[in-house]
Engineer: 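Dropping the structure in here first, questions after.
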Amino acid sequence: MLRTLFRAGGAILQQTQRTAPRLWVTPAQQRWASSLPMNTVVLFVPQQEAWVVERMGRFHRILEPGLNFLIPILDRVRYVQSLKEIVIDVPEQSAVSLDNVTLQIDGVLYLRILNPFKASYGVEDPEYAVTQLAQTTMRSELGKLTLDKVFRERESLNSNMVHSINQASDDWGIRCLRYEIKDIHVPPRVKESMQMQVEAERKKRATVLESEGTREAAINVAEGRKQAQILASEGQKEEQINKAAGEAQAVLAKAEAKSKAIRLLSDALAEQNGNAAASLSVAEQYVSAFSNLAKESNTILLPSNTGDISGMVTQAMTIYSTLAKTTPRIAEAVEEKCDETQDQSASTH
């Protein structure tokens, strides 16, 4: 009895498939047509698959993975949906960018069926529908971007594609996980112009870098010269200061030595026989000066009594005696004048 029922159900199922209109057989149904199981009352559903069962042509239920039972002739497995992630190769298509450049672009679409009922009855061919939606969405998104932004913003373009596809595919029970652009083909002339632009940009960067290097080198040279001049001027300043300090110290030393010599000379003159020693010194200086004549210049002025050394010494000693007598008087007059000035200032106060 059961064998007869199985044979009858299989015959009815095969006849129904043969008599189905060719227009309604879609690529997805053709893909699963060879794997549609027959109603053998006891069915084992594999993991990550959903079998959609119709009872007398109407949706009945979805078989879960594992052991399931169906009524022969009345129940029929109409769709088998895979719950795994599906990879769809989106065919190459042409699109026009915002700056009117025609591009040839293709991609890869990753999706998953979340609702087997909507995927079976919401759209005739879910994969074909999603592929067409991806192509149209890609044309729309590329029309919003220029050619340069298409290459720079591929990640944002992919995310916009996923968002747009999910908005339309919710009613189909399909969830788009991601979309990746594989290749973007640019027309040959545009490609040549892009290469020329890249070369020009590289030459520009090289020129800018070279000019910046020249400027930095000139600045460094100028800074070095400036520092060298500053150091040289500071060295000259220190040298002049040291030289002036040395000359001042030499003058002071000479003045102190001269003052000590004068004091010693005055002390010697104040002693007994000082005039004789002074006369001897004057005579020695006279002889020394006379011996140096005509050594530095050809013009010589000689006194009338050149050979009278004693007369010259006597004249020098007379001048010295006169100065010695007038000097105390001048000092006394200066002291009296200072005393008068002090008295007048005291009386005024």
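Not measured: the values here are computed from a predicted model. Position 1 is the first residue of the sequence; numbering continues from there.
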Engineer: For Asp170, what residues pass the side chain to side chain contact (heavy atoms under 4.5 Å, CB included) criterion, not counting sequence neighbours?
Structural biologist: Arg175

Engineer: Please list, chain by chain and in numerical order, all residues satisfying salt bridge (charged side-chain N to carboxylate O under 4.0 Å, His left out) with Arg178, sequence neighbours excluded.
Structural biologist: Glu85

Engineer: Any donor-acceptor pair under 3.5 Å linking the side chain of Asn166 with the backbone of Cys176?
Structural biologist: yes

Engineer: Listed by chain and number, what are the ring-ring contact (aromatic ring centres under 6.0 Å, His included) partners of Phe117, not counting sequence neighbours?
Structural biologist: Phe59, Tyr121

Engineer: Excluding sequence neighbours, so at least two apart, what forms side chain to side chain contact (heavy atoms under 4.5 Å, CB included) with Pro65?
Structural biologist: Gln47

Engineer: By salt bridge (charged side-chain N to carboxylate O under 4.0 Å, His left out), which residues pair with Arg55, not counting sequence neighbours?
Structural biologist: Asp75

Engineer: Main chain of Thr136, side chain of Ser140: is a donor-acceptor contact present, judged purely on distance under 3.5 Å?
Structural biologist: no

Engineer: Applying the side-chain contact (heavy atoms from CB on, under 4.5 Å) test to Ile174, which of Leu114, Ile165, Ile86, Leu111 qualifies?
Structural biologist: Leu111

Engineer: For the backbone of Val208 and the side chain of Ser211, can you confirm whether one donor and one acceptor N or O come within less than 3.5 Å of each other?
Structural biologist: yes

Engineer: Taking side-chain hydrogen bond (donor to acceptor under 3.5 Å, both in side chains) as the cut-off, I'd like each qualifying pair that reaches into residues 230-247, sequence neighbours left out, listed once.
Structural biologist: none

Engineer: About how many Å separate CZ of Phe69 and CG of Asn39, when rounded to the nearest 0.5 Å?
Structural biologist: 12.0 Å

Engineer: Mark yes when over 12 heavy atoms from residues, nucleotides or ligands other than His185 sit less than 6.0 Å from its NE2; otherwise mark no.
Structural biologist: yes

Engineer: Do any pairs count as a side-chain hydrogen bond (donor to acceptor under 3.5 Å, both in side chains) and have a residue in residues 93-120, sequence neighbours left out, and if so which ones?
Structural biologist: Gln81-Ser120, Gln93-Arg139, Ser97-Asp99

Engineer: Pro46: what forms a side chain to side chain contact (heavy atoms under 4.5 Å, CB included) with it, not counting sequence neighbours?
Structural biologist: Glu49, Trp51

Engineer: Could you list the residues that satisfy salt bridge (charged side-chain N to carboxylate O under 4.0 Å, His left out) with Glu216, not counting sequence neighbours?
Structural biologist: none

Engineer: What are the two closest heavy atoms between Pro126 and Ala119, and how far apart are they?
Structural biologist: CG-O, 3.8 Å

Engineer: Quick one: do Leu70 and His60 satisfy side chain to side chain contact (heavy atoms under 4.5 Å, CB included)? Show the steps, please.
Structural biologist: CA-CA 11 Å; Leu70 294 179; His60 177 58; 5.6 Å; no

Engineer: Quick one: list whatever passes salt bridge (charged side-chain N to carboxylate O under 4.0 Å, His left out) with Lys149, sequence neighbours left out.
Structural biologist: none

Engineer: Can you tell me how far apart CD (Glu256) and CD (Gln249) are? Round to the nearest 0.5 Å.
Structural biologist: 10.5 Å

Engineer: Report the distance from atom CD of Glu141 to atom CD1 of Ile181, rounding to the nearest 0.5 Å.
Structural biologist: 10.0 Å

Engineer: Would you say the side-chain atoms of Asp89 pair up with the backbone N or O of Val87, donor to acceptor, closer than 3.5 Å?
Structural biologist: no

Engineer: Could you list the residues that satisfy side chain to side chain contact (heavy atoms under 4.5 Å, CB included) with Ser156, not counting sequence neighbours?
Structural biologist: Glu153, Ser159

Engineer: Report the distance from atom CG of Leu157 to atom CG of Leu145, rounding to the nearest 0.5 Å.
Structural biologist: 6.0 Å

Engineer: Less than 4.5 Å apart, any side-chain heavy atom of Pro37 and any of Val45?
Structural biologist: no

Engineer: Looking at every non-hydrogen atom in both residues, tell me the closest pair between Gly122 and Trp172 and how far apart they are.
Structural biologist: O-CD1, 4.1 Å

Engineer: How far apart are the closest heavy atoms of Ser82 and Ile113, and which atoms are they?
Structural biologist: O-CD1, 3.7 Å

Engineer: Any chance you could pull the hydrophobic cluster mates of Ile71, using side-chain heavy atoms under 4.5 angstrom and chaining through other members?
Structural biologist: Met56, Leu74

